[in-house]
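These notes concern the structure reproduced below.
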Amino acid sequence: MSEKIIGKAYVLGNNIDTDQIIPAEHLVYSTSDPEELKKYGHYALSSVPPSQAGLPQGNMPFIEGDNHISQYNIIIGGSNFGCGSSREHAPLAMQVAGVKAIIAESYARIFYRNSVDGGFLTPFESNSELKGVIKTGDEVELDIDSNVLVNKSTSQTYQLKPLGSVHDIVKSGGLFNYAREHQLI
Amino acid sequence: MGMTITEKIFAKASGKNTVIPGESVWLDVDILMTHDVCGPPTIAIWKNEFGEKAKVWDKNKLVIFPDHYIFTKNPHANRNVEILRQFAADYDLPNYYDVGTERYKGVCHIALAQEGYNIPGTVLFGTDSHTCTSGAFGMFSTGVGNTDAAFILGTGKIWEKVPESMKFVFNGVMPPYLTAKDLILQILGDITTDGATYRAMEFSGSAIASMSMYERMTLTNMAIEAGGMSGIIAVDDVTRSYLSELNISEYDEFTSDSDAKYFSEYTYDVEKMEPIVAKPHSPDNKDTVSNVAGTKVTKCYIGSCTGGKITDFQFAANILYGRKVKVPTFIVPASISVAKELGEVTFNGSTLLEIFSDAGCHIAESSCAACLGGPADTIGRSTDGDVVISTTNRNFPGRMGSKQAGVYLASPLTVAASALTGEITDPRNYL
Ligand code: SF4
């Protein structure tokens with residue numbers, strides 16, 4: 001059976017860097033303490049400039065009020081998603097906020113690897129620009145195995161690039177799980 | 001079909017005859033490097049995942065340099081160094097270069113070269129995005145996150161996608177007013193900050209052939225600023241003689257085949273190029289120095305793994321010799337060995353150290369210092385309203401301290417010339 005992620009899309013622009021995803025000043029919180037961990041969700045995407053937050057309209061906060069979980073669980077991004085520092089707290093923060101997948105035109109390599117290997121979320125690449133055709137709040141359905149995205153709000157279907165060799169790591173939930181399943185460690 | 005140097009190294013490290021770009025392979029890692037910022041979380045993941053059986057795969061292949069947040073009173077920063085120290089003691093690690101001891105080396109990427117860890121044909125991973133610097137030695141080197149590093153720490157292996165390569169050829173003879181920094185800033189302006197994402201940037205041409213290892217490292221260092229996975233320069237006599245000084249003579253020299261396939265190729269004539277800056281707030285925000293000349297600056301900074309090598313200080317000394325700086329100017333040698341050389345290398349009969357002190361510069365201890373801002377008590381850190389011109393590699397808002405500061409990235413020649421006038425100045429005025 002193929003695995004599906006269903007939820008609401010949150011749309012962002014190009015060059016979303018790791019400082020916009022989780023500003024350096026919040027990296028002090030412990031990632032092993034469950035209460036402190038929530039802070040990462042609370043501050044996820046908190047430095048995206050307001051006009052760019054939740055396109056096309058903008059000014060749509062990813063996290064409402066004191067919450068640490070977002071109502072959006074699929075991110076639609078542009079090119080060079082996750083550029084900047086090598087901090088693994090970036091995909092972690094989005095995971096804590098409830099994000100399951102990102103669909104961007106391209107990724108910065110270290111962010112992409114961290115997302116997959118840390119088992120934080122699934123990064124898909126789109127074949128075309130989606131940030132113009134999907135709106136923040138649209139109901140979307142992502143099929144992880146056939147790499148198809150359906151925008152239920154418009155009934156449009158988009159074929160995404162296959163995950164390729166990272167598919168198995170994504171399925172296992174991260175590099176260490178994958179390695180254990182394959183008796184690599 | 002032919003292969004690039006990078007593809008050949010991937011084939012060797014994955015035990016295959018050939019590899020093709022896009023394919024994922026498991027690599028045997030020759031060196032894992034970490035430092036005080038990412039070392040502690042890497043160790044935590046490693047302990048957590050391997051549990052009782054956590055074992056360092058090969059002590060000789062693990063290299064740890066505290067270098068980022070070290071001369072500070074910040075308790076979290078000091079706790080990080082303490083974790084490394086304990087880890088090195090617990091596992092009896094031979095390649096730990098503790099701060100506060102005579103083993104301390106300075107900034108990791110420069111220390112890797114100077115301590116003989118950069119071996120042509122090998123594979124080096126580091127928990128730092130500028131790990132690509134080592135590629136100047138005809139090897140594959142790149143940065144990874146903590147989970148990947150923890151995996152390598154326990155297994156000595158990691159998966160990696162074989163990158164496509166981009167070729168950058170620099171022809172001509174380097175004019176005295178240009179440095180490698182101008183060349184890489186030019187490339188960044190041309191291809192932008194994601195122009196090389198997931199690719200290897202291969203540099204060659206007569207201008208590269210005549211460059212010192214340290215100048216070459218300026219090029220490979222900033223491959224990541226274009227999103228590059230790595231930068232690489234084939235081994236030649238300059239590489240061989242650098243390595244022979246370190247008594248290193250056995251290694252694999254790979255060269256790209258003439259029919260190797262490249263994603264794209266760029267050719268430059270250095271004799272037609274000009275001094276370049278990257279304006280705030282992105283390394284690809286390129287302009288010529290002559291266009292922005294006259295812009296007031298409040299601080300000048302010569303340091304970091306990009307611009308704090310002995311060659312960078314030789315360039316600066318050419319300009320600062322016998323003159324006085326007009327704005328606060330910081331000299332931050334990237335490594336202890338560079339710091340030592342400042343007192344030995346001379347220009348017109350004076351040591352570089354004398355030249356810089358006479359010019360009125362502040363001379364700091366070796367570390368990353370204000371390259372990445374750091375704790376509030378870091379030397380050279382930018383404050384609100386500062387306009388800094390710097391030989392470092394990144395000028396994102398807040399990178400060197402204050403978010404309310406602007407940073408221009410430039411060559412050591414341009415920074416030194418600007419220090420003399422307090423405004424961005426073309427080095428040709430002083431050469
Ligand atoms: S000098 Fe700057 S760029 Fe180099 S390792 Fe240190 S912080 Fe990173």
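Excluded from the calculations below are hydrogen atoms, water molecules and symmetry mates; all remaining heavy atoms, backbone and side chain alike, are included. Letters go in sequence order (proteins before strands), and every chain restarts at 1.
- To the nearest 0.5 Å, atoms CH2 (Trp26(B)) and OG (Ser165(A)) are separated by 10.0 Å.
- Between chain B and the options Asn177(A), Asn14(A), Ile169(A), the largest number of non-hydrogen pairs under 4.5 Å is found for Ile169(A).
- Considering OH of Tyr198(B) and OH of Tyr107(A), their distance stands at 12.0 Å, rounded to 0.5 Å.
- A 4.5 Å side-chain heavy-atom check between Arg109(A) and Arg199(B) finds every atom pair outside the cut-off.
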Side-chain donor-acceptor contacts of residues 143-158 of chain B below 3.5 Å, not counting sequence neighbours, with atom names and distances?
from: Thr147(B); atom 1: OG1; to: Glu88(A); atom 2: OE1; distance (Å): 3.4
from: Thr147(B); atom 1: OG1; to: Glu88(A); atom 2: OE2; distance (Å): 2.4
from: Asp148(B); atom 1: OD2; to: Arg113(A); atom 2: NE; distance (Å): 2.7
from: Asp148(B); atom 1: OD2; to: Arg113(A); atom 2: NH2; distance (Å): 3.3
from: Thr155(B); atom 1: OG1; to: Phe151(B); atom 2: O; distance (Å): 2.7
from: Thr155(B); atom 1: OG1; to: Lys157(B); atom 2: N; distance (Å): 3.0
from: Thr155(B); atom 1: OG1; to: Lys157(B); atom 2: O; distance (Å): 3.2
from: Lys157(B); atom 1: NZ; to: Asp28(B); atom 2: OD1; distance (Å): 2.5

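- A distance of 10.5 Å separates CZ in Phe396(B) from CD in Gln20(A), rounded to the nearest 0.5 Å.
- Put simply, OG on Ser24(B) and NE2 on His167(A) are 13.5 Å apart, with the number rounded to the nearest 0.5 Å.
- The distance from the CD1 atom of Ile45(B) to the CG atom of Asp117(A) is 10.5 Å, given to the nearest 0.5 Å.
- Contacts between residues 59-81 of chain A and chain B, defined by a heavy-atom separation under 4.5 Å, are made by Ser79(A), Asn80(A).
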For this session: Take Asp194(B) and Cys83(A), measure what side-chain contact (heavy atoms from CB on, under 4.5 Å) needs, and give me the verdict at the end.
Result: CA-CA 8 Å; Asp194(B) 67 346; Cys83(A) 56; over 6 Å; no

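- Within 6.0 Å of the NZ atom in Lys131(A), the count of heavy atoms belonging to other residues, nucleotides or ligands exceeds 12.
- To the nearest 0.5 Å, atom NZ of residue Lys403(B) and atom CG of residue Asp19(A) are 6.0 Å apart.
- At a 4.5 Å heavy-atom cutoff, the contact between Arg394(B) and chain A is made by side-chain atoms alone.
- Enclosure of atom CD in Glu181(A) by more than 12 non-hydrogen atoms of other residues, nucleotides or ligands within 6.0 angstrom is indicated.
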